[in-house]
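Residue numbers start from 1 in every chain, and the chains themselves are labelled A, B, ... in the order their sequence lines are given, proteins ahead of strands. The structure displayed is predicted, hence computed values, not measured ones.
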Amino acid sequence: VFVYLEEKKDWVEMGGAGIFRKEVTVPMGCDLPVLAWGLGLERLAMFKFNLTDIRDIYIANINWLREVMSCL
Amino acid sequence: MPVVGIPVKQLRRLVGQDLSNEKVISCCQELGCDVEELTLINRVKCSSCENITEYTKTESLPKSCDICTHEFSKENTDYTQLSQTEVLRLDLLADRPDNFDAGGLSRSMKGYLGIETGLVVYDIKKSDYQVIVDPSMSKPESYRPYITCAVVKNINFNDESLKNIMKLQENLHWALGRDRKFASIGVYNLDKIKKTINYRSVSEDGIKFVPLGSVKINEEFKKTPGEILKEHPKGMAYAHLLSALKKYPLLVDEAGTVLSMPPIINSEDTKVTIDSTDVFIDVTGLNSEVINKALNIMLSSMKEWDKDCEVYSVEVKYPDKTIVTPHLESQEFTIDFENCRKLIGVEMTDDDIISYLGKMRYDAVNDNGKCKVSIPCYRNDIMHEHDIIEDVAIAYGYKNIKPGLIESFTIGNILPKEQKKQSIREVMTGLGFFEVINIMLTSQDRAYEKLGMPIPENCAEIDNPISIEQTIIRTELLSGVIETAANNTNHELPQKYFEVGEVVFADPGEEEGTREEIVFASAVAASKVGFADMKAVIAALLYELGLDFKLKAADLPVYLKGRGCRILINGAAVGHMGEVHPEVLERYHINNPVAAAEINMSRTGFIS
């Protein structure tokens with residue numbers, strides 16, 4: 001799944017979505033179609049908070065947490 | 001995932017249309033390819049072995065040739081700079097190896113664009129070549145039992161087509177062969193080979209030949225298998241595949257000319273050059289289905305690139321049976337028209353479905369209300385009806401599928417235990433604490449030794465840890481919050497942290513062998529902080545959660561003597577708190593006092 005970002009004038013991949021393969025659902029006892037999607041928020045978070053390094057989201061830095069606005 | 005650069009000029013030639021760059025990209029994306037970009041790449045030709053090495057605009061000239069390792073120091077002597085080529089760079093998807101090169105990809109594109117639809121039928125003529133498989137190939141000491149072969153004649157090679165075949169070979173090794181283990185492909189100049197070829201085993205010094213990449217065919221460049229495994233770059237890279245064997249696989253003809261030592265390296269004697277017109281192809285490996293699929297893809301893609309080349313079969317004589325290879329026939333499969341409509345959720349007639357299947361290069365007929373589909377020999381991803389229905393949806397066009405609401409709704413909600421965790425988070429945030437979310441994987445050192453706590457018997461260990469920092473699943477949260485304080489010693493105090501999350505215990509009584517419990521932990525790092533400060537926080541938290549508690553003084557290694565206690569709820573010891581021992585703080589390199597607490601919320605009755 002891709003989303004178009006005006007600021008970057010480009011498509012950014014957000015993740016994948018679809019119908020689960022039967023090999024996965026039938027052993028769990030479900031033979032009906034199962035829809036699933038997993039969208040990554042890191043890239044959007046990076047654009048929203050103007051980050052250049054994705055590790056900033058994962059590294060425990062209390063000052064970043066103190067300084068970033070929670071209501072953007 | 002490897003990235004391949006497919007020459008756009010070749011795609012246009014093979015599709016037979018002068019497609020714009022945008023059309024090429026959108027067609028491939030709609031087919032499901034992972035398109036990186038359409039761009040120019042640089043190419044250099046090695047003066048030694050004539051191999052072409054490619055590199056992108058952002059990379060610099062490679063130091064040496066990737067086949068013969070000849071150093072590229074001086075232009076025109078060591079290498080020639082060729083013109084840049086426009087390529088479509090694709091992230092290879094392991095389930096569609098038939099789209100790895102211009103030949104196969106153009107076949108898919110022609111179908112999708114309606115230029116050429118339906119099943120492609122590949123003719124095979126009979127050759128008088130045979131391969132004799134020695135019984136030792138299925139014995140443990142030289143185990144690589146399966147081989148499949150073909151002859152291809154009348155090929156018009158040029159730099160580009162030769163490079164195309166080499167890249168396809170390597171990418172099939174990745175996608176199908178698990179890096180050559182299950183399948184490895186060899187292509188040889190047919191002119192150098194006699195009609196009977198032996199697939200047998202040889203000891204590490206049982207023969208000498210010049211491995212591919214040596215620039216001269218000379219006595220001094222001949223090496224034994226043992227020497228190749230130790231000294232040749234490909235030998236060293238793939239020696240592990242033969243480490244369990246005492247004798248090594250060898251492909252050699254009746255005159256003693258070596259074709260190759262599968263899966264390691266070809267011989268320079270039988271090397272394919274631009275002047276070759278006929279080749280012999282073999283695929284050896286540990287699984288007969290995989291090697292045949294690899295051969296099918298090689299042959300069908302070669303036929304797409306060069307329509308005039310001809311495929312010939314070879315007799316492979318095993319000790320107990322003779323098999324004629326290759327088999328390029330389609331496989332029959334039946335799908336249900338109604339299932340197709342239901343799964344995609346779009347109105348389409350039976351005839352529509354048949355025509356969509358044609359666009360995806362299947363043959364399909366309506367056989368008494370059932371859809372009989374012929375699946376091409378080069379498709380490796382068709383496991384059941386859904387895979388074929390997916391192709392129908394792609395041919396219909398994902399972009400043409402209109403979104404719609406489902407007919408009935410159910411209401412989702414967060415689980416009760418998540419609600420309870422949220423309550424804890426609300427109280428602690430209200431008290432001015434920052435929430436941390438730590439990774440559940442940790443190590444004995446990080447979780448227990450640094451805290452001075454004993455390693456519990458029931459912690460779940462990882463069999464094949466990816467790093468020494470992540471070898472067990474955590475059974476406590478205290479080390480995580482203290483580690484967070486340790487990672488922020490260069491920032492202003494006071495720092496107040498908490499975490500609410502899952503821990504895992506090994507439990508043979510459980511179905512999966514483990515059970516999860518929810519734990520809360522907190523740490524306050526400040527220039528002055530004591531037991532009373534932490535007690536105030538815990539008292540406030542437990543009050544808001546409606547839990548009565550008692551404290552009982554205890555001697556716990558993580559806390560200073562006399563400043564630690566256990567927390568009891570309903571008479572059970574569910575947690576502990578206190579002033580962290582200076583020895584512990586030293587191990588974390590924390591230079592100020594820290595007060596901490598941990599409560600197992602699953603054992604308090606608050607979270608069931």
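A side chain to side chain contact (heavy atoms under 4.5 Å, CB included) with A:Ile62 holds for exactly one of B:Thr484, B:Asn488, B:Asn487, B:Val436; it is B:Asn488.
Surrounding CD1 of B:Ile437 are at most 12 heavy atoms belonging to other residues, nucleotides or ligands under 6.0 Å away. Other residues, nucleotides and ligands contribute only 12 or fewer heavy atoms inside 6.0 Å of the CD1 atom of B:Ile439. Within a 6.0 Å radius of CG in B:Asn591, no more than 12 heavy atoms belonging to other residues, nucleotides or ligands are found. For B:Ile414, the CD1 atom sits in a packed shell: over 12 heavy atoms of surrounding residues, nucleotides or ligands are nearer than 6.0 Å. Within a 6.0 Å radius of CD in B:Gln331, other residues, nucleotides and ligands contribute 12 heavy atoms or fewer. B:Tyr396 OH: more than 12 foreign heavy atoms inside a 6.0 Å radius.
There is no contact between A:Ile59 and chain B, counting heavy-atom distances below 4.5 Å. With a threshold of 4.5 angstrom between heavy atoms, B:Asn438 does not approach chain A through any atom at all. Contacts between B:Leu343 and chain A at a heavy-atom distance below 4.5 Å involve backbone atoms as well as side-chain atoms. If you measure heavy-atom distances from B:Glu492 to chain A, the contacts under 4.5 Å come from both the backbone and the side chain.
Between B:Asp387 atom CG and A:Lys22 atom NZ the span is 10.5 Å, to the nearest 0.5 Å. Expressed to the nearest 0.5 Å, how far CG of A:Leu65 lies from CD of B:Glu435 amounts to 9.5 Å. To the nearest 0.5 Å, atom CD of residue A:Glu23 and atom NE2 of residue B:His386 are 9.5 Å apart. With values rounded to the nearest 0.5 angstrom, A:Arg21 atom CZ is found 4.5 Å from B:His384 atom NE2.
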Next item on the list: Would you please test B:Glu390 and A:Ile19 for side chain to side chain contact (heavy atoms under 4.5 Å, CB included) and show each step?
Entry: CA-CA 10 Å; B:Glu390 180 181 30; A:Ile19 303 181; over 6 Å; no

